[in-house]
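Below is one structure, written out as structure tokens; comments come after it.
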There are 2 protein chains.
Amino acid sequence: MVSLKDISVRCGVSVATVSKALNGHKDVSEATRERLLKAAKEMGYFPNSQARALKTNKTLNLGVMFSDEAGSGLTHEFFAKVLNSFKIEAEAAGYDITFINKNVGRQKMSTYEHCKYRNVDGVVIACTDFSTQDVYEVINGDIPVVTIDHIFDCRTAIMSNNEKGIEELVNYVADMGHRRIAYIQGNRSAVADRRLAGFCKACMNRGIEVAPELLLAGDYHNPEKTYELTKELIAMSERPTCIFMPDDYSSMGGLGAIKDSGLSVPNDISVVGYDGIAYSQLLSPKLTTYLQDTAEIGTEAAKKLISLIENPQTTFTEVVTVDGRLIEGASVKRII
Amino acid sequence: MVSLKDISVRCGVSVATVSKALNGHKDVSEATRERLLKAAKEMGYFPNSQARALKTNKTLNLGVMFSDEAGSGLTHEFFAKVLNSFKIEAEAAGYDITFINKNVGRQKMSTYEHCKYRNVDGVVIACTDFSTQDVYEVINGDIPVVTIDHIFDCRTAIMSNNEKGIEELVNYVADMGHRRIAYIQGNRSAVADRRLAGFCKACMNRGIEVAPELLLAGDYHNPEKTYELTKELIAMSERPTCIFMPDDYSSMGGLGAIKDSGLSVPNDISVVGYDGIAYSQLLSPKLTTYLQDTAEIGTEAAKKLISLIENPQTTFTEVVTVDGRLIEGASVKRII
DNA sequence: ATTTTTATCTCAAACGTTTCCGTCAATTAG
DNA sequence: CTAATTGACGGAAACGTTTGAGATAAAAAT
């Protein structure tokens, strides 16, 4: 490994000068700068990030805390897409991203401790469960943090506009004439709460009664559970004309239940999903759903985080709301 | 930030002793070790990974090179799952993983240069295109490397058994009585070649003619293209009784084409996919496909890479083949 | 009682940077 | 012509570790 020193001896200058030349400081003549740059290139020099970080306390490294009770963080399409755009934006700004977990070497440590150990410049948190000790520690630590889809006091959050998304779907469905609408919730979480709030509010605005028996407690990303619940709904004496599934993926289970019951979508019953994943538009009929702007969420998260890091004095905690877009498929039938 | 020095002054011992105590060296008495450990904990000490790496030349950090012409690396379910299990295994062994790209700070650099800069202990490469200059540099560098689904000379590779997968599918389909089988290829790559080879070989073994007009050049992960090609196949005078789709995701396009033509699966035409993604089993009929053992691939990749890193002298380059498993759905009809 | 071993700890260099401060010559100002 | 300014560069400390070689004292062996 070729170091600054190697260059300095070969060129007969001091290490300090080489460092300054390569980092574009002004107190080095143009002539020597070029000479040193040339030598550096010839010798295949690359800065040692560890040494640099040791001195500067900047690692140009962003931690990603992605957890999920199922442990399948990356397999989750929403997370994967958000992370992907986060990564692209971060990389464009010169930051690397590394996953933060709970052990390094043989030692166990908390996520926060891990962040300190690696000296990440900032952390983005995207979890299904924000109520853990691990999250709490990071939130209360002194590393810049951005959270996704969860609001903590005094921390910047990027929020997918869940409330608005559901509202738009309710309005759409109401416009199609539906009045008896079932809603299968996701597992209890801030996101689920917000969506439910949006549902109830929009129903109220449209004068639609929210019948308790049509408000089912389901799970996100759980087609099996959704299958069961959909069966229950279908078996009702006064069957709903439209079902809100927890998300697109789960809706596959719901659609299966409907098919297995000898009914068809949208003729016998209408269905809407949530997320706007690719598959939803490959089904027939295409699913009417709400596309979350995952690209924008990830990009925004990276931008805000980097801004917090690089301009700590001028950047303030804020909540960024990212709207999505209703995708009109063919899974909702006009009944009026 | 509390350092070894802080502990040493507080406890009245030398920095060296603290270091040794905390790292479990034997030349420190049990009494002082405990005293130091206690102090370290109380003071909230955490080792500085940069300083440590600077000395030891080990970062406990693994680079991940995930590229994809579409730039959608993480969104790709196969990649995401492999990466996920890779991550789990690596973390269990105490390694972090960071994505390697082409710029750090304001500077542009090649992937290999980036690896050197970050001093990753090893790199795993999973790309759709292995023929780039960037891959070439890494392969020819001096960092331990494991590749996924591509074989380079003198480098360990983890291979999904594509040949066997297709062979099993052909045998299954042949057992069901199909003789006129269409095969939509993925885009030109080592994987596509291997699958095609498996297809031809198995057909030959079963005495099935591989008709050139039934061998179509398609794309992986491209439902639209697959839609078109399936339409072409359906329109043939002597229509195939079974179609091999490039992969499960693409097959959604093919299934759409069949439905749009007023035909049904599997009654009018049989279909098989490849990958075994979750969605394929939520369709009705369920897709008959080949489940790649992504968990094993990722786990194996991490194990081999770590082994190369930690036992450079006793570990040799090898090719690990990971078998998958045929999933019998209901998309292939028995016609004999 | 002397020597050897063992256990425990310290010294000090090294890893590759960055950066403040100082030096020295050349240029400009007075 | 002297004094002040500027430009270009070097010295050296510092960041937080690790580690082999030495030091010291206590224990064991002779």
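Excluded from the calculations below are hydrogen atoms, water molecules and symmetry mates; all remaining heavy atoms, backbone and side chain alike, are included. Sequence lines set the chain letters: A, B, ... in the order given, protein chains first and strands last, and positions in each chain run from 1.
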Check whether any side-chain nitrogen or oxygen of [X] sits under 4.0 Å from OP1 or OP2 of [N], and answer yes or no.
| X | N | value |
| --- | --- | --- |
| B/S19 | D/dT17 | no |
| B/T56 | D/dT18 | no |
| A/Y45 | C/dT17 | yes |
| B/T17 | C/dC9 | no |
| B/S29 | C/dC9 | yes |
| A/N57 | D/dC15 | no |
| A/R52 | C/dG16 | no |

[X] [atom1] to [N] [atom2]: how many Å, rounded?
| X | N | atom1 | atom2 | value |
| --- | --- | --- | --- | --- |
| A/K5 | D/dG10 | NZ | P | 14 Å |
| A/H25 | C/dT18 | NE2 | P | 8 Å |
| A/L22 | C/dG16 | CG | P | 16 Å |
| B/K55 | C/dA13 | NZ | C1' | 7 Å |
| B/Q50 | D/dC15 | CD | C1' | 10 Å |
| A/L4 | D/dG11 | CG | P | 15 Å |
| A/D27 | C/dC21 | CG | P | 14 Å |
| A/N23 | D/dA8 | CG | P | 17 Å |

Angle between terminal axes - the helix from C/dA1-D/dT30 to C/dG30-D/dC1, 5 pairs each end, rounded to 10°: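 Helix axis angle between the two ends: 50°.
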Run A/R52 and B/Y117 through side-chain contact (heavy atoms from CB on, under 4.5 Å) and show every step you take. CA-CA 10 Å; A/R52 181 177 279 178; B/Y117 173 71; 3.5 Å; yes
B/K26 vs B/L54, nearer the 5' end of DNA chain C by closest nucleotide: B/K26
Heavy-atom nearest nucleotide on DNA chain C taken for B/A16 and for B/A51; more 5' hit belongs to B/A16
Would you check, one step at a time, whether the test side-chain contact (heavy atoms from CB on, under 4.5 Å) holds for B/M65 with B/V135? CA-CA 9 Å; B/M65 182 173 174; B/V135 171; 3.6 Å; yes
Quick one: label A/K20 by what it contacts on the DNA or RNA (base, sugar-phosphate, nothing), any heavy atom closer than 4.0 Å.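 Base contact.
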Base, sugar-phosphate or nothing for B/N48? Non-hydrogen atoms, less than 4.0 Å. sugar-phosphate
Salt bridge (Lys or Arg N to Asp or Glu O under 4.0 Å) for B/E77 and B/K81? Distances and angles first, verdict last. CA-CA 6 Å; B/E77 181 164 335; B/K81 286 175 121 176; 3.6 Å; yes
Show your working on side-chain contact (heavy atoms from CB on, under 4.5 Å) between B/R118 and A/L60 and close with a plain yes or no. CA-CA 10 Å; B/R118 284 285 181 200; A/L60 284 178; 3.7 Å; yes
Residue pair A/N119, A/T59: steps toward the side chain to side chain donor-acceptor pair (under 3.5 Å) verdict: CA-CA 7 Å; A/N119 269 310; A/T59 53; over 6 Å; no
Side chains of A/T111 and A/I125: closer than 4.5 Å at any heavy-atom pair?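 Side-chain contact under 4.5 Å: no.
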Given the side-chain rings of A/F99 and B/Y95, with only the six-membered ring counted for Trp, is the space between their centroids under 6.0 Å?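 So the answer is no for these two rings.
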Does the salt bridge (Lys or Arg N to Asp or Glu O under 4.0 Å) test come out yes or no for A/K116 and A/E113, once each step is laid out? CA-CA 5 Å; A/K116 295 301 256 184; A/E113 291 167 341; over 6 Å; no
